[in-house]
Amino acid sequence: MTISKKSRGRAAAAVSLTAMLALTATACGDDGSSSGTEGSGKGEITFWDNNGGPRTEIWTEIIKDFEKENPDIKVKYVPIPIADVQSKYDTAIAGGGLPDVGGVGTAYLANIVSQEALEPVQDRIEKSSLKGKLVEGMVASVKDAGGRGDDMYSVPTSANNGTLWYRTDLFQAAGLDAPSTWAKFYEAADKLTDTKNNKFGYTIRGGAGSIAQALDASYGQSGITDFWNGDTTTVNDPKNVAALEKYVGLFKKATPSADVNNDFTKMVAQWDTGTIGMLSHNLGSYQDHVKALGNDKFAGIPNPIGDSGTRVQVSNPVDGLGLFRSSKNKTAAWKFIEFAASHASNSKWNESAGAIPANTEAARDSWITASEPTALAAAALTDGSTKIVNLPYYLPDWNNISKADNEPEFQKLLLGKVSAKDFLDKIADELNAAQKEWKELGNG
């Protein structure tokens, strides 16, 4: 269902204060809603990488390949740190300066769509070499996250999966089984901790990105498989509250105290030093672990299995490439997107990242079965062994609720300044209000 222009304007209220200040300071310039042009198909286009730094090397390689095949097009590469992506887009939408192409994950796709900044791409896909070559599940996720029915506002490039990385050498030395169940996870966290010698069983994410990991641990233990009960979220269900209490109880007992501020880069670097038994992240850190530890000292598995005998995980965002409405050279920008999502490029990018390809041909390449964590993750998502709790990426406020609004609250929870119940009640109240508003705008 397509909502009205007036309704979309109301949904755009999620634009950050930073973006509004930028609008005041910049009286002129193209905002995200300008229609742009198809352009000549030649010249320079600008590409924003939504995970600049960790993915710069592989994108540089793909861009070189593209420019070799398309000598009349030059790609200006701009690396954006993953923690700054939404605020960068919001600021550019309000004040001008959007790229032609940008990396867009489903976690914040609805926010950008609600501000009319992205061009629908389903018709372009139908007329391109990508027709019929994108994984159906990822296409469905992108459509759902955009919140506009069958309209599609990014070309999916990869899916990730929550992964519990563990040190096989430390587990073997301690006589521990792999942490395949939550009971074995907690046993290992305790047994591998030796605080006097600065050794810990686990590292918990207390900085940026902490909320999704906390929800994964909550639902994974509680066994609850639906995010909504009618129009009320299950986030603060008593079973989730109890699960979160147990999980955060690891802080400083089986984790480093520095974890309260750690985002994923700090967690990964800390785990790769070799003094910590387990790390919850995703497939994206696989190559970092290989470089630091080699192939024979660690392994990665999906979420542990709960007491019910079922593995439950929250959904992970699907990454993709968006074509911005204000682009003055959409023809050249689309050529780049089509190239990046092609078999060869998509396979190359996902092998580097350790992620699951969106291109169906790339998804059959041999490197996937050779990478055990990726193969296990792909199987978990397709063989029916895992129940996925679908997070409401379609809510324009989702990214704010799950990041800026509540990450400081999670740090308070770790430090014992708020209870697990109060923490989850706050998130639930905000989600219920956002869901109500979304439905009032004609959705659902």
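Keep in mind that this is a model prediction, so the values were computed, not measured. Residues: numbered from 1 along the sequence shown.
D90 places a side-chain heavy atom less than 4.5 Å from the side chain of N111. Residues V418 and K426 have side chains not in contact (no heavy-atom distance under 4.5 Å, counting atoms from C-beta outward). For the pair N50/D319, a side-chain contact is recorded, criterion being any heavy-atom separation below 4.5 Å from C-beta on. Residues V268 and L279 meet the side-chain proximity criterion, which asks for heavy atoms closer than 4.5 Å. Side-chain atoms of P392 and L431, non-hydrogen and from C-beta on, do get closer than 4.5 Å to each other. Here the side chains of V78 and F47 are not in contact, with every heavy-atom distance at 4.5 Å or above. With a 4.5 Å cut-off on side-chain heavy atoms, R205 and D259 do not count as touching.
Between D425 and K421 there is a salt bridge, since at least one side-chain N of the basic residue sits less than 4.0 Å from a carboxylate O of the acidic one. Residues E338 and K330 are not paired through a salt bridge, judged by the lack of any N-O separation under 4.0 Å between the basic side chain and the carboxylate. The pair R148-E116 counts as a salt bridge, with a side-chain nitrogen and a carboxylate oxygen less than 4.0 angstrom apart. By the 4.0 Å N-to-carboxylate-O rule, D65 lies close enough to K348 to be salt-bridged with it.
Within a 6.0 Å sphere centred on CG of D84, other residues, nucleotides and ligands contribute more than 12 heavy atoms.
No side-chain donor-acceptor contact under 3.5 Å links E351 and Y286. When only modelled atom types and interatomic distance are considered, T233 and N432 share no side-chain donor-acceptor pair under 3.5 Å. No hydrogens or angles considered: a donor-acceptor pair under 3.5 Å links the side chains of Q213 and Y247. No side-chain donor-acceptor contact under 3.5 Å links D307 and Q221. In summary, the side chains of N161 and Q313 do present a donor paired with an acceptor at a separation below 3.5 Å, with no hydrogens or angles considered. Side-chain N/O atoms of W367 and S347 include a donor and acceptor closer than 3.5 Å. In summary, the side chains of N399 and Q86 do present a donor paired with an acceptor at a separation below 3.5 Å, with no hydrogens or angles considered. A donor-acceptor contact closer than 3.5 angstrom is absent between the side chains of E44 and N329.
Under the side-chain hydrogen bond (donor to acceptor under 3.5 Å, both in side chains) criterion, K412 pairs with E409, sequence neighbours left out. Residues meeting the side-chain hydrogen bond (donor to acceptor under 3.5 Å, both in side chains) test with T60, sequence neighbours left out: none.
Closest heavy-atom contact between V135 and T360: N-CG2, 3.7 Å. Of all the heavy atoms in G300 and T163, the pair that sits closest is CA-CG2, 3.8 Å.
Atom NZ of K76 is separated from atom CH2 of W48 by 10.0 Å, given to the nearest 0.5 angstrom.
F185 and Y202 have perpendicular rings, their planes meeting at more than 60° on a 0 to 90° scale where under 30° would count as parallel. Using cut-offs of 30° and 60° on the angle between ring planes, the pair Y89 and Y108 is tilted. Below 30°, between 30° and 60°, or above 60°: for H289 and F298 the angle between ring planes is above 60°, a perpendicular geometry. Note on ring orientation: taking the six-membered ring where Trp is involved, the planes of W59 and F336 are tilted (angle from 30° to 60°).
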Between N70 and K335, is a side-chain contact (heavy atoms from CB on, under 4.5 Å) present by the stated rule, with each step listed? CA-CA 9 Å; N70 298 271; K335 284 182 181 178; 4.2 Å; yes

Would you please test D100 and S327 for side-chain hydrogen bond (donor to acceptor under 3.5 Å, both in side chains) and show each step? CA-CA 5 Å; D100 300 279; S327 171; 2.7 Å; yes

Verdict with reasoning, Y77 to T56, per side-chain hydrogen bond (donor to acceptor under 3.5 Å, both in side chains): CA-CA 9 Å; Y77 171 80; T56 294; 2.8 Å; yes

List the steps, then state whether side-chain contact (heavy atoms from CB on, under 4.5 Å) holds for L164 with H281. CA-CA 7 Å; L164 179 60; H281 187 228; over 6 Å; no

Could you give me the CA-CA distance, side-chain angles and deciding distance for E38 and T331, then say whether side-chain hydrogen bond (donor to acceptor under 3.5 Å, both in side chains) is met? CA-CA 5 Å; E38 288 298 316; T331 300; 3.3 Å; yes

Given the rule in the side-chain hydrogen bond (donor to acceptor under 3.5 Å, both in side chains) test, do T225 and Y219 qualify, once you have shown the distances and angles that lead to the verdict? CA-CA 7 Å; T225 57; Y219 281 97; over 6 Å; no

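For the pair K246 and Y186, the cation-pi criterion (under 6.0 Å, within 45° of the ring axis) is fulfilled.
Of the residues listed (N160, I368, N316, L283), the one engaging I356 in a side-chain contact (heavy atoms from CB on, under 4.5 Å) is L283, and it is the only one.
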